[in-house]
Amino acid sequence: MNGIKRTGKTGTAGYFVLIMLVLTLLSACADTGATGGDTGGLAASAAPYIMPEPGVHYLVSGSSLTVSIESPSRDAEIFFTLDGTEPAENSTRYVSPFLVDSSIVVRAVALEDGKRESPAAHATFVILETSQTSAPPLISPAGGLRHNPTSISISSATVDAKIYYTTDGSLPHGGSTLYEGPFTIDAPVQNVRAVAIKAGEERSLSSASFSFSASMPEILRRGQWEGYWDRSGSGSIPDGGIFAAAYYEAPARGTSLTVGSATGGAEIRFTVDGSIPEESSLLYTGRMMVWWDGNPGNLRIGGNFVTGPITSSTGMKIRVFREGYEPSPVFTMGFTTAAPTPAPY
């Protein structure tokens, strides 16, 4: 690896100043090089950025610093150098993060179709050895499947260490968000990463991966219900008990259902034809009444009727949806239908 490798103890303050001065002068000299050429009036590509932040980094003997380069544009290609020369389209193409084990200056440019080369980005890394390592940050919870927005806490056993974190999967560094207390994550966050930084110690990185899915629907209440079938179709069958009138000719026994979900702000959708519920399926708005007049059955939601057929083979399929979350697994509610018993007027 190109660069000046320093080993042993940290050294004096003058030693630090000398290293930084030499590398800064190298960087400044290289900056004077003009890209030149006819740009043809094209706009410049956005400059890439180099992570972690430049400066002094302490590493335990045998370890390395991971350097990554990103561009604001997904379509841009990145080219970089490590030998002090200015990067150009014929330089090494950046493909993935690389390791640095000695002091070095990283220079990079971005280039995308229809635009000219970006201004060059530079980052000077001074690598010094240390015998101490900051304790890895502890992220709580440690990742996994979540059904609601989640509060995240981060701590480090290293006294006086500062913790920096990211929630987009990028490498955290001293320029990332400083952890000052618990914070809340929600979809589509996939990865929380944190680093503990203390002068004179190697940094320790921790990660926690999360996924978000609506929780499984729950049957909060299920009870027996008995009423009378209304052949007039007026929809006036009461929510419970027995109601008799001239228009009612047969009792119908069924089930009352109350459905819920542990995911806040979610919608519960269902089907009665055996299909998998989608976001456009019937919306659950409250207590359901399910009963039969033989076959097919009818479903009552509040004061509305939805014709079946609800049978022992199709049942009712229920699913929970929330924006930004994966839909919940499908819950299937089975029923046993029976012909009603005739009743006198």
*Asks:* Identify the two heavy atoms, one from Ala266 and one from Val320, that lie closest to each other, and give their separation to 0.1 Å.
*Replies:*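 The pair with the smallest heavy-atom distance is CB-CG1, 3.4 Å.
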*Asks:* State plainly whether one hydrophobic cluster holds both Tyr179 and Ile185, where clusters connect Ile, Leu, Val, Met, Phe, Trp and Tyr through side-chain heavy atoms under 4.5 angstrom apart.
*Replies:* yes
*Asks:* Any salt bridge linking Glu278 with Arg269? Criterion: basic side-chain nitrogen under 4.0 Å from a carboxylate oxygen.
*Replies:* no
*Asks:* Assess the side chains of Ser261 and Ser215: does a donor N or O sit below 3.5 Å from an acceptor N or O?
*Replies:* yes
*Asks:* Spell out, as yes or no, whether a donor-acceptor pair under 3.5 Å connects the side chain of Arg319 to the backbone of Ser328.
*Replies:*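 Indeed, once roles are kept as given, a pair shorter than 3.5 Å links the two residues.
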*Asks:* To the nearest 0.5 angstrom, please state how far the CG atom of Leu111 sits from the CD atom of Glu117.
*Replies:*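 These two atoms lie 6.5 Å from each other.
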*Asks:* Indicate, with yes or no, if Val100 and Ile50 share a hydrophobic cluster defined by side-chain heavy-atom contacts under 4.5 Å among Ile, Leu, Val, Met, Phe, Trp and Tyr.
*Replies:*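 Hydrophobic grouping puts Ile50 with Val100.
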*Asks:* Find out whether Val259 and Ile219 are in side-chain contact, i.e. whether some heavy atom of one side chain is under 4.5 Å from a heavy atom of the other.
*Replies:* yes
*Asks:* How long is the gap from OG on Ser176 to CD1 on Ile163, to the nearest 0.5 Å?
*Replies:*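 Going from the OG atom of Ser176 to the CD1 atom of Ile163 covers 13.0 Å.
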*Asks:* With no hydrogens and no angle check, just 3.5 Å: does a side-chain donor-acceptor pair link Asp75 and Ser73?
*Replies:* no
*Asks:* Please work out which of the three classes, parallel, tilted or perpendicular, describes the rings of Tyr325 and Phe212, given edges at 30° and 60°.
*Replies:* perpendicular
*Asks:* Nearest 0.5 Å, please: how far is OG1 in Thr184 from CG in Asn148?
*Replies:*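 Answer for the CG-OG1 pair, Asn148 versus Thr184, is 11.0 Å.
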*Asks:* Are any side-chain N or O atoms of Ser134 and backbone N or O atoms of Ile197, one a donor and one an acceptor, separated by less than 3.5 Å?
*Replies:*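 Not a single qualifying donor-acceptor pair exists.
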*Asks:* Got a second to check how far Thr85's OG1 is from Arg107's CZ, nearest 0.5 Å?
*Replies:*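 Interatomic distance, Thr85 OG1 to Arg107 CZ, rounded to 0.5 Å: 7.5 Å.
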*Asks:* Would you sort out whether Ser68 and Tyr94 count as a side-chain contact (heavy atoms from CB on, under 4.5 Å), showing the intermediate values?
*Replies:* CA-CA 9 Å; Ser68 62; Tyr94 177 79; 3.5 Å; yes
*Asks:* For a side-chain contact (heavy atoms from CB on, under 4.5 Å) check, start with the C-alpha distance between Glu267 and Glu323, then their side-chain angles and the critical distance, and finish with the verdict.
*Replies:* CA-CA 9 Å; Glu267 290 185 339; Glu323 185 176 357; over 6 Å; no
*Asks:* Does any N or O in the side chain of Ser118 come within less than 3.5 Å of the main-chain N or O of Arg116, such that one atom is a donor and the other an acceptor?
*Replies:* no
*Asks:* Evaluate the side-chain contact (heavy atoms from CB on, under 4.5 Å) criterion for residues Ile318 and Tyr284: first the C-alpha distance (whole Å), next the side-chain angles of each, then the deciding distance (0.1 Å), finally the verdict.
*Replies:* CA-CA 9 Å; Ile318 310 171; Tyr284 171 79; over 6 Å; no
*Asks:* Search all heavy atoms of Pro87 against all heavy atoms of Phe79 and return the closest pair with its distance.
*Replies:*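 Here Pro87 and Phe79 meet closest at CB-O, 3.7 Å.
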*Asks:* Transitively linked via ILVMFWY side-chain contacts under 4.5 Å: Met51 with Tyr58?
*Replies:*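 Result: no, two separate clusters.
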*Asks:* Do you reckon Val106 sits in the same ILVMFWY cluster as Leu65, going by side-chain contacts under 4.5 Å, direct or chained?
*Replies:*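 Result: yes, single cluster for both.
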*Asks:* What are the two closest non-hydrogen atoms of Ala108 and Pro48, and how far apart are they?
*Replies:*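 Smallest interatomic distance, heavy atoms only, reads O-CG, 3.7 Å.
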*Asks:* Can you confirm whether Leu171 sits close enough to Leu205 that some side-chain heavy atom of one is under 4.5 Å from a side-chain heavy atom of the other?
*Replies:*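 Answer yes - side chains close enough.
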*Asks:* Quick check against the 3.5 Å criterion: does Ser45 have a side-chain atom that pairs as donor or acceptor with the backbone of Glu112?
*Replies:*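 Present.
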*Asks:* Assess whether side-chain contact (heavy atoms from CB on, under 4.5 Å) is satisfied between Phe98 and Ile69, documenting all intermediate values.
*Replies:* CA-CA 9 Å; Phe98 54 91; Ile69 312 174; 4.1 Å; yes
*Asks:* Dump the intermediate steps for side chain to side chain donor-acceptor pair (under 3.5 Å) on Tyr49 and Glu70, then the final yes or no.
*Replies:* CA-CA 6 Å; Tyr49 48 95; Glu70 296 184 10; 3.2 Å; yes
*Asks:* Looking only at non-hydrogen atoms, find the nearest pair between Ala120 and Glu86 and report the distance.
*Replies:* CB-OE1, 3.5 Å
*Asks:* Does Gln190, at its CD atom, have more than 12 non-hydrogen atoms belonging to other residues, nucleotides or ligands within less than 6.0 Å?
*Replies:* yes
*Asks:* Using the ring of each side chain (for Trp, its six-membered ring), is Phe183 parallel, tilted or perpendicular to Tyr165, with breaks at 30° and 60°?
*Replies:* parallel
*Asks:* Whether the side chain of Ser209 engages the backbone of Gly143 through a donor-acceptor N/O pair (distance < 3.5 Å, no angle test) should be reported.
*Replies:* no
*Asks:* Answer yes or no: is there a donor N or O on one side and an acceptor on the other, between the side chain of Glu202 and the main chain of Val60, under 3.5 Å?
*Replies:*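 Yes, because the side chain of Glu202 sits within donor-acceptor range (under 3.5 Å) of the backbone of Val60.
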*Asks:* Once rounded to the nearest 0.5 Å, what's the spacing between atom CZ of Phe80 and atom NE2 of His122?
*Replies:* 14.0 Å
*Asks:* Side chains of Ser207 and Arg193 only: does a donor on one sit below 3.5 Å from an acceptor on the other?
*Replies:*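 Their side chains do contain a donor-acceptor pair, which is all the 3.5 Å distance test asks for.
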*Asks:* Are Ile152 and Pro141 close enough that some pair of their side-chain heavy atoms sits under 4.5 Å apart?
*Replies:*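 Yes, at least one pair of side-chain atoms sits under 4.5 Å.
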*Asks:* Does Ser206 use its side chain to pair, donor to acceptor, with the backbone of Pro137 at less than 3.5 Å?
*Replies:* yes
*Asks:* Check for me, please, whether Phe270 and Val330 land in the same ILVMFWY cluster - side-chain distances under 4.5 Å, paths through other members count.
*Replies:* no
*Asks:* Identify the heavy atoms of Leu145 and Ser213 that sit nearest to each other, and give their distance.
*Replies:*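 In this case the closest contact between Leu145 and Ser213 is CD1-CB, 3.6 Å.
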*Asks:* Check whether Ser103 reaches the backbone of Ile127 with its side chain - one donor and one acceptor, N or O, closer than 3.5 Å.
*Replies:* yes
*Asks:* Step through the shown structure and confirm whether more than 12 heavy atoms of other residues, nucleotides or ligands are within 6.0 Å of CG on Asp113.
*Replies:*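 Check fails, neighbour count at 12 or below.
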*Asks:* Check whether Ser140 reaches the backbone of Ser153 with its side chain - one donor and one acceptor, N or O, closer than 3.5 Å.
*Replies:* no
*Asks:* Check for a donor-acceptor pair, side chain of Lys317 on one end and backbone N or O of Ser275 on the other, with a separation under 3.5 Å.
*Replies:*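 Not at all, since once roles are kept as given, no pair shorter than 3.5 Å links the two residues.
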*Asks:* Can you measure from OG1 (Thr66) to CZ (Arg203) and round to the nearest 0.5 angstrom?
*Replies:* 12.0 Å
*Asks:* Specify the closest pair of heavy atoms between Thr158 and Ala135, including all atoms of both residues, with the distance to one decimal.
*Replies:* OG1-N, 2.6 Å
